[in-house]
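A short worksheet on the structure shown next.
Proteins come first, then strands; the chains are lettered A, B, ... in the order of their sequence lines, and each starts at number 1. The basis for the numbers below is simple: all heavy atoms, side chains too, and nothing from hydrogens, waters or symmetry mates.
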Amino acid sequence: MANPTYRIENIVATVNLGIDLDLDKLAERLPAAEYNPEQFPGLILRLQRPKISALIFRTGKMVCTGAKSENELKRAVKELVRLLNEHGADVPLTPEIQVQNIVASGNLHAEVDIEKSALMLENSMYEPEQFPGLIYRMDDPKVVLLIFSSGKIVCTGAKKEQQVRDAVFKIHDVLRDIGALYEEEGGKEEEEL
Amino acid sequence: KYRKWQQRVRVQTSYERNIIQAMNELSRISSQLGIPKACVDEAMGVYEQVLTKGLVRGRSVEAIVAACLHMACRKIGMPRSLDEISQYTRASRKEVARCFRLIARELGVRLPLSDPKLYVPRIVEQLKLSGEILKEALNILEQAKRKGLTAGKDPAGLAAAAVYIASLLRGEVRTQKEVAMAAQVTEVTVRNRYKELARELNIKIPIK
DNA sequence: GCTTTAAAAAGTAACCT
DNA sequence: AGGTTACTTTTGAAAGC
């Protein structure tokens, strides 16, 4: 029986530059910037290389989304700092980065009886009228899992990759123990860590 | 004399006033959707519990009533989607869904799993099809469930496809469009479910 | 509560050819 | 009919309404 696998799809992180920023000036000098304070208080910057998006606020705090690894996140922040300093700002070169949420997709490599799971798991919600997946709130690690009958899953809410790994293996064991997992008819597939 | 005036004006308590407003909203929405009295009464019962628990504070009576109605319909076994119900409300589907979850959690209501079979009677009735079609559609859905073809799919779409297939098998043909409209799903959904059910259940459709 | 970002899962929907 | 795009669900932070 194959072990469950997962892949990090998105990392949301906050960065505190520690200095107030002049968003109007930045918006003028950065051609790629999107800034509509009436609509949203943050300036939106999309990086090409590590394909990430940043929400930059007047207070010097930022939100970075789209990174698929901590390494990508760090490279993106370096690039953002470089861009800001190249356009009139004076922010620290190595600001503090805090990962706030990690979203991962995964595969249990087994079909799931989601109706049975919905009946047996207390912290679950399954309403096919609204959404095809079973929504399961795990207490430890504290994450939310979207479980599909195909065995594909989504894990969100983790702050460390280890929590994603623990959650994915744990849900696999939980579903197997309640007898909601059964082997797929088809042959093997390919998946990564 | 002021006390006397107050007594005359306050012939109703705020609780009673709220209940009356809720009843008005409820009967208006229910009549537009043609929801049976038993279900309306159930919804009112749920609303009273919700009001007593103080869950209406800060929320619109309309949204709460809509959520109670959705819950009552499911309790009674005659489900009505959040879209259908919120359509006759100023509240959005999202707001009604929020109230529904709040109520389900606070009242500790654990509703039975959605069942495509519960959607069949309404579709059959609306299309003026026979009891034979009803039985056949339920049969198809039972087989579909056993083969694990219903997981994650919209029960209304499954029911529509089953009715469509049954109508083809029994010669009381209705178009995909007609069935789709009766079930409140798109033709594409009926077609997709129909193709999958016919294929997986090895149902041979007679060519006309 | 809302606004904005990104991302996956599977299903449904809207619009165009 | 088919194809594309887009929305449903979940998560998290930011500042302001």
Problem set entry | Span that lies between the C1' atom of C/dA9 and that of D/dA1, in whole angstrom | 27 Å
For this session: Determine: side-chain N/O of B/R191 to OP1/OP2 of C/dT12, distance under 4.0 Å, yes or no.
Result: no
For this session: Tell me whether the OP1 or OP2 atom of C/dT4 has a side-chain N or O from A/R46 closer than 4.0 Å.
Result: no
Problem set entry | Atom-pair distance (OH on A/Y35; P on D/dA14), nearest Å | 17 Å
Seminar exercise, completed: note: A/E127, atom CD; C/dG11, atom P; distance rounded to Å ~ 17 Å
Exercise. Would A/F148 and A/F131 satisfy ring-ring contact (aromatic ring centres under 6.0 Å, His included), going step by step from the backbone distance to the final call?
Worked result: CA-CA 10 Å; A/F148 301 85; A/F131 188 70; 5.8 Å; yes
For this session: Using whole Å, report how far CD of A/E111 lies from C1' of C/dA9.
Result: 14 Å
For this session: For A/I44, answer base if it contacts any base atom (sugar-phosphate contacts may also be present), sugar-phosphate if it contacts only those atoms, and nothing otherwise; contact means non-hydrogen atoms under 4.0 Å.
Result: sugar-phosphate
Exercise. To the nearest Å, how far apart are A/N101 CG and D/dA14 P?
Worked result: 13 Å
Exercise. Of the nucleotides C/dT12, D/dA13, C/dA8, which one has an atom closest to the side chain of A/T14?
Worked result: D/dA13
Exercise. NA contact type, B/R193, heavy-atom cut-off 4.0 Å: base, sugar-phosphate, or nothing?
Worked result: sugar-phosphate
Problem set entry | Short side-chain N/O contact from B/K195 to OP1 or OP2 of D/dG2, under 4.0 Å | yes
Exercise. Given C/dG11, C/dT4, D/dT10, which nucleotide is nearest the side-chain atoms of A/F40?
Worked result: C/dT4
Problem set entry | Any A/K159 side-chain N or O less than 4.0 Å from OP1/OP2 of D/dT11 | no
For this session: Measure the distance from CD1 on A/I8 to P on D/dT11 and round it to the nearest whole Å.
Result: 19 Å
Exercise. So does A/E72 pair up with A/K51, basic N to acidic O under 4.0 Å?
Worked result: no
Exercise. Quick one: which of C/dC2, D/dT10, C/dA7 gets closest to the side chain of B/R98?
Worked result: C/dC2
Exercise. DNA chain C: B/E95 or B/G157, which has the more 5' nearest nucleotide?
Worked result: B/E95
For this session: Give B/V185 one of three labels, base, sugar-phosphate or nothing, depending on what nucleic acid heavy atoms sit under 4.0 Å from its own.
Result: sugar-phosphate
Exercise. Does the distance from a Lys or Arg side-chain N to an Asp or Glu carboxylate O, for A/K170 and A/D173, drop under 4.0 Å?
Worked result: no
Exercise. Contact class for A/G133 vs. all strands (heavy atom < 4.0 Å): base, sugar-phosphate, or nothing?
Worked result: nothing
Exercise. Taking the side chain of A/T65 as its heavy atoms from C-beta onward, which of C/dA8, D/dT11, C/dT5 lies nearest to it?
Worked result: C/dT5
Exercise. Do B/R28 and B/E62 sit within salt-bridge range, that is, some charged N less than 4.0 Å from a carboxylate O?
Worked result: yes
Exercise. Among C/dT4, C/dA7, D/dG2, which is the nearest nucleotide to the side chain of A/Q39?
Worked result: C/dT4
For this session: Please check the phosphate of C/dA13 (OP1 and OP2 only) for any side-chain N or O of B/T186 closer than 4.0 Å.
Result: yes
Exercise. Which nucleotide sits closest to the side chain of A/S150: D/dT10, D/dA13, C/dA9?
Worked result: C/dA9
Exercise. Within less than 4.0 Å of OP1 or OP2 of C/dA13, is there a side-chain N or O belonging to B/T189?
Worked result: yes
Problem set entry | Whole-Å gap separating C1' (D/dG16) and CG (A/N36) | 15 Å
Exercise. Per the side-chain hydrogen bond (donor to acceptor under 3.5 Å, both in side chains) rule, which among A/Q100, A/E96, A/K61 passes with A/T14?
Worked result: A/Q100
For this session: Indicate, with a heavy-atom threshold strictly under 4.0 Å, whether A/V12 touches base, sugar-phosphate, or nothing.
Result: base
For this session: Decide, yes or no, whether a salt bridge links B/R93 with B/E95 under the criterion of side-chain N to carboxylate O below 4.0 Å.
Result: no
Exercise. Picking from C/dA9, D/dA15, D/dA14, which would you name as closest to the side chain of A/V63?
Worked result: D/dA14
Exercise. Does any donor-acceptor pair link the side chain of A/S53 with the base of C/dT5 at a separation under 3.5 Å?
Worked result: no
Exercise. So A/K68 and A/E9, salt bridge (charged side-chain N to carboxylate O under 4.0 Å, His left out) or not? Walk me through it.
Worked result: CA-CA 5 Å; A/K68 290 196 181 297; A/E9 303 284 356; 3.2 Å; yes
Problem set entry | First encountered from the 5' end of DNA chain D, between A/V143 and A/L55 | A/V143
Exercise. Quantified in whole Å, what is the C1' atom distance between nucleotide C/dT12 and nucleotide D/dT11?
Worked result: 23 Å
Problem set entry | Whole-Å distance separating the CD1 atom of A/I153 from the C1' atom of C/dA8 | 11 Å
Problem set entry | C/dT4 versus D/dA6 - spacing of their P atoms, nearest Å | 15 Å
Exercise. Among D/dT11, D/dT9, D/dA14, which is the nearest nucleotide to the side chain of A/L146?
Worked result: D/dT9
Exercise. What is the distance, rounded to the nearest whole Å, between atom CD of A/Q130 and atom P of C/dT12?
Worked result: 13 Å
Seminar exercise, completed: Side-chain atoms of A/V154 come closest, of D/dG16, C/dA8, D/dT9, to C/dA8
Exercise. What is the minimum heavy-atom distance between B/R174 and B/K128, and which atoms define it?
Worked result: NH1-O, 3.9 Å
Exercise. Do the side-chain N or O atoms of A/S105 get closer than 4.0 angstrom to the phosphate oxygens (OP1, OP2) of C/dA9?
Worked result: no
